[in-house]
2 protein chains.
Amino acid sequence: MSNHPPRSTIADVARHAGVSKATVSRFLNHRDTLLSPEIARRVEAAIEALSYTPSPMARALKRGRSRLIGLVVADITNPYSVAVLSGAEQACRQAGYLMMLFNLANERERESVGLKVLSTYQVEGFILNTMGLEQGSVLTPVLRGRPVVLVDRLHQGLEVDFVSLDNVQAVHACLDHLLEAGYREFLLVTEPLGGVSSRIERVRAFESRLDALGPQAGGRWIEVSVDDQGGLAQALRDLRAGARRPPAVLAVNGVVSMRIVAAVAQLGWRLGPDIGLIGIDDTPWAPYVGPGISAVAQPTDALGSLAARCLIERIGGLAAPARSIRLPGTLMARGSTRLESLAASGEVPGNRG
Amino acid sequence: MSNHPPRSTIADVARHAGVSKATVSRFLNHRDTLLSPEIARRVEAAIEALSYTPSPMARALKRGRSRLIGLVVADITNPYSVAVLSGAEQACRQAGYLMMLFNLANERERESVGLKVLSTYQVEGFILNTMGLEQGSVLTPVLRGRPVVLVDRLHQGLEVDFVSLDNVQAVHACLDHLLEAGYREFLLVTEPLGGVSSRIERVRAFESRLDALGPQAGGRWIEVSVDDQGGLAQALRDLRAGARRPPAVLAVNGVVSMRIVAAVAQLGWRLGPDIGLIGIDDTPWAPYVGPGISAVAQPTDALGSLAARCLIERIGGLAAPARSIRLPGTLMARGSTRLESLAASGEVPGNRG
DNA sequence: TTGTATGCGTTATCAC
DNA sequence: GTGATAACGCATACAA
């Protein structure tokens, strides 16, 4: 059993350099001011020689700051969450913060637990990508004044920075594209709203746009829970039966897109000619699923890094009123929104940007 | 500006309960022994009243243990990594550990940086899902005797627990399935081996199985780098041109599968009848891509939670020799390995388990 | 400009 | 059984 030397401490460095701990600490934190070149040189050499690194734990204890950022995510299995997480992680790293991850695994009641746990580790701020079900009033006490930024989903009564897709723009882009492609009858499919702000916003945008469009187009929206694939298929059957020409479905997110694709496959219909499909959230596979699935791609990386940067600004003391940042999505038009089948023309599915 | 009360400390609890800090600490750590019921009750009440939680930071400082586990991941954008991560995170949580995440973002040289950073945070152990390029000899010093478990990829000279897909079984399952489906000419496509153990194992398994098969089947393997999509298409053209009947491709992982699909689409071929495709790594979209992409699904969740549990056992002091755990994958047969096209029969793509 | 002393919130070692 | 007290590694007020 090899015994490993304990990591060297500030005391070791001080001894090695023949100075006091305070001097080493000064070198670490206020290198510029208050230090004679000669001493600085010796301290630096000692640090190098002992390959000394300050203990963030001890620092956190003393200063109350930990260089840690807590990320609470509803479901790390969701590619959207991961993409955002990834962008955020990068920005944090660049700013010298480390990320502590807490995954809710879709158990919403664990949200406050996650916050508490991260809290005890003295994280300096939180990025929340959760269901948004906990009211701000219950969150506030555990936050203890530490900054928070919300991603994708708002929390009632929590007035903090918010970063998200521009849902109105995204839904409008979808509808405009469908109209241009020749569809006139629309069905928006969402998971049960359940108070989730992004879903609600998308539904509202859908409704208001449809109102504005007037009689030239018609549409409804339905909630279908994940375990009711049969209900979804039935809804699609009804939709198509009641329409004079091929209708189109707008999937509120990637999960729903996937389920629509499954249902359409099961029904034996062709995406595009028989029923249009466009969804919010793009995936690398989308170009190759059936005739290609049209989608609005979210700028997930930007969302994540913006969230992180906002948070870090707040940690740095910024006291501006709560900001709301909305980033546009970009439409990827593919075969699932092409009324005329291309099977005959020999064209191949793929990206059309 | 609302001022937030500082979190209560062990001293607050002691004062509130009219006992000493030591007593409170005892209640926290050795509740069972050495404590009169009366005092215990009072302490408990005080803790409740002040909603006190011990500071993990201070604990870590004093005891050297942090209840933190460090996870270094090559690319958090890779769904495989995330799936593993997710399983690991869950197991850690259940054991009362929190996960600190360090993403290499595919910059391999950041591996030792990641280890160092996590190290300073006093993580009690590491789960590594990286390229495996750093030799054990360079890793060992920063590990300082703390346990490590490797996922999916081995490191040379690092004899620690290892958890991974049973690559031999997986590749054999693929080949057996292809043979049964009627294919006889095989091409394994991998990203450049670059010393990554999982890729090497899969190639070796491919070669040895082919050897064993003898003249009834033939095959080669090629490395194609991510940015050489043209080269991949050309390789496929050559493959098909040189084969008497439809050949089949074995994609070494999900990323490669995706690229093959893209190339085949570009070539205008039908997956299955024109060229077979089976890949390691399944995705939710696979059933709906073209005729359905056949794949070997990895037990990612199990891999992750096993990794975490191994690590936690080691942290607990287990001193057994390094273990190597190989979990079998499960074959999902779909249309991309069906020689006869089903287009005519009206059957619909989907899972066939 | 540098050193001494104290405290951050815990746990552990001693007394009592 | 319980209470002082020291120490973990660091940063800072104060003294020099």
Side-chain angles (χ1 to χ4, degrees), chain A residues 4-44 46-47 50-68 116-117 119-124 144, chain B residues 4-44 46-47 50-68 119-124 144:
Chain A
H4 301 265
R7 35 177 311 185
S8 44
T9 74
I10 201 171
D12 301 328
V13 175
R15 203 172 317 117
H16 190 102
V19 298
S20 75
K21 295 195 296 178
T23 301
V24 178
S25 178
R26 269 184 216 109
F27 176 83
L28 261 26
N29 303 296
H30 319 278
R31 185 165 327 198
D32 39 350
T33 82
L34 315 167
L35 222 47
S36 74
E38 159 62 8
I39 296 270
R41 210 187 39 68
R42 265 160 52 198
V43 172
E44 186 157 25
I47 288 180
L50 301 175
S51 68
Y52 162 79
T53 333
S55 152
M57 294 294 193
R59 276 188 134 118
L61 196 59
K62 186 65 186 139
R63 307 206 280 200
R65 283 181 285 139
S66 63
R67 311 253 46 171
L68 247 31
K116 280 203 195 86
V117 171
S119 195
T120 65
Y121 277 93
Q122 304 275 62
V123 301
E124 298 184 33
R144 248 198 203 83
Chain B
H4 302 266
R7 37 177 307 182
S8 44
T9 76
I10 202 171
D12 300 329
V13 176
R15 203 172 316 119
H16 190 102
V19 298
S20 75
K21 295 194 299 177
T23 301
V24 178
S25 178
R26 267 185 216 108
F27 176 84
L28 259 28
N29 303 295
H30 320 279
R31 183 166 330 198
D32 39 350
T33 81
L34 313 169
L35 220 47
S36 74
E38 159 61 8
I39 296 271
R41 209 189 39 67
R42 266 165 46 203
V43 172
E44 186 158 25
I47 288 178
L50 301 176
S51 67
Y52 162 78
T53 332
S55 152
M57 293 294 194
R59 271 180 133 114
L61 192 61
K62 187 65 186 138
R63 305 206 282 199
R65 282 180 286 140
S66 63
R67 308 251 59 175
L68 248 28
S119 195
T120 64
Y121 277 94
Q122 304 275 60
V123 300
E124 299 184 33
R144 255 202 194 81

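Note that the structure is predicted; figures quoted are calculated from it, not measured. So you know, we letter chains A, B, ... as the sequences are listed, proteins then strands, and number each from 1.
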**OP:** Identify which nucleotide among D:dC10, D:dT2, C:dT10 has an atom closest to any side-chain atom of B:T23, counting heavy atoms from C-beta outward.
**Re:**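 Selected nucleotide: D:dT2.
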Measure from [atom1] on [X] to [atom2] on [N] and round the result to the nearest Å.
| X | N | atom1 | atom2 | answer |
| --- | --- | --- | --- | --- |
| B:R41 | D:dG1 | CZ | P | 18 Å |
| A:E38 | C:dT2 | CD | C1' | 13 Å |
| A:I47 | D:dC10 | CD1 | C1' | 13 Å |
| A:L61 | C:dT6 | CG | C1' | 14 Å |
| A:F27 | D:dC10 | CZ | P | 14 Å |
| A:M57 | D:dC10 | CE | C1' | 14 Å |
| B:R15 | C:dT10 | CZ | P | 12 Å |

Original post:
Within the side chain of B:R26, is there an N or O that forms a donor-acceptor pair under 3.5 Å with the backbone of B:L35?
Top reply: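 Judged by distance alone, no pair lies under 3.5 Å.
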**OP:** Keeping the roles fixed (side chain from B:E124, backbone from B:S66), state whether a donor-acceptor pair exists under 3.5 Å.
**Re:**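 Side chain of B:E124 to backbone of B:S66, a donor-acceptor pair under 3.5 Å: yes, one is there.
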Original post:
How far does the helix from C:dT1-D:dA16 to C:dC16-D:dG1 bend, going by the axes of its first and last five pairs, to the nearest 10°?
Top reply: 50°
If you define the side chain from C-beta out and look only at heavy atoms, does anything of [X] sit under 4.5 Å from [Y]?
| X | Y | answer |
| --- | --- | --- |
| B:Y121 | A:R67 | yes |
| B:K62 | A:L61 | no |
| B:V19 | B:F27 | no |

Original post:
C:dG9 phosphate, OP1 or OP2: any side-chain N/O from B:T9 under 4.0 angstrom?
Top reply: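 So the side chain of B:T9 is outside the cut-off, no N or O lying under 4.0 Å from OP1 or OP2 of C:dG9.
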**OP:** Verify the contact: side-chain N or O of A:S55 to OP1 or OP2 of D:dG9, cut-off strictly under 4.0 Å; return yes or no.
**Re:** no
Original post:
Charged N to carboxylate O under 4.0 angstrom, A:E44 versus A:R41?
Top reply: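 No salt bridge links A:E44 with A:R41.
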**OP:** Could you tell me whether B:T53 contacts a base, only the sugar-phosphate backbone, or nothing, with contacts defined as non-hydrogen atoms closer than 4.0 Å?
**Re:**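 Counting heavy atoms under 4.0 Å across all strands, the contact made by B:T53 is with sugar-phosphate only.
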Original post:
Any chance CZ of A:R144 has more than 12 other-residue heavy atoms, nucleotides or ligands included, within less than 6.0 Å?
Top reply: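 It does: A:R144 CZ has more than 12 such atoms within range.
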**OP:** Map B:A58 and B:A40 onto DNA chain D by nearest heavy atom, then report which one ends up closer to the 5' terminus.
**Re:**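 Between the two, 5'-proximity favours B:A40.
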**OP:** Summarise how protein sits on nucleotides 11-16 of chain C as a single string, 5' to 3': B when a protein heavy atom is under 4.0 Å from the base, S for sugar-phosphate-only contact, - for no contact.
**Re:** BB----
Original post:
Say you draw a straight line from CE of B:M57 to OG of A:S55; how long is it, rounded to the nearest 0.5 Å?
Top reply: 9.0 Å
Original post:
What is the distance from atom OG1 of B:T9 to atom CG of B:L50, rounded to the nearest 0.5 Å?
Top reply: 9.0 Å
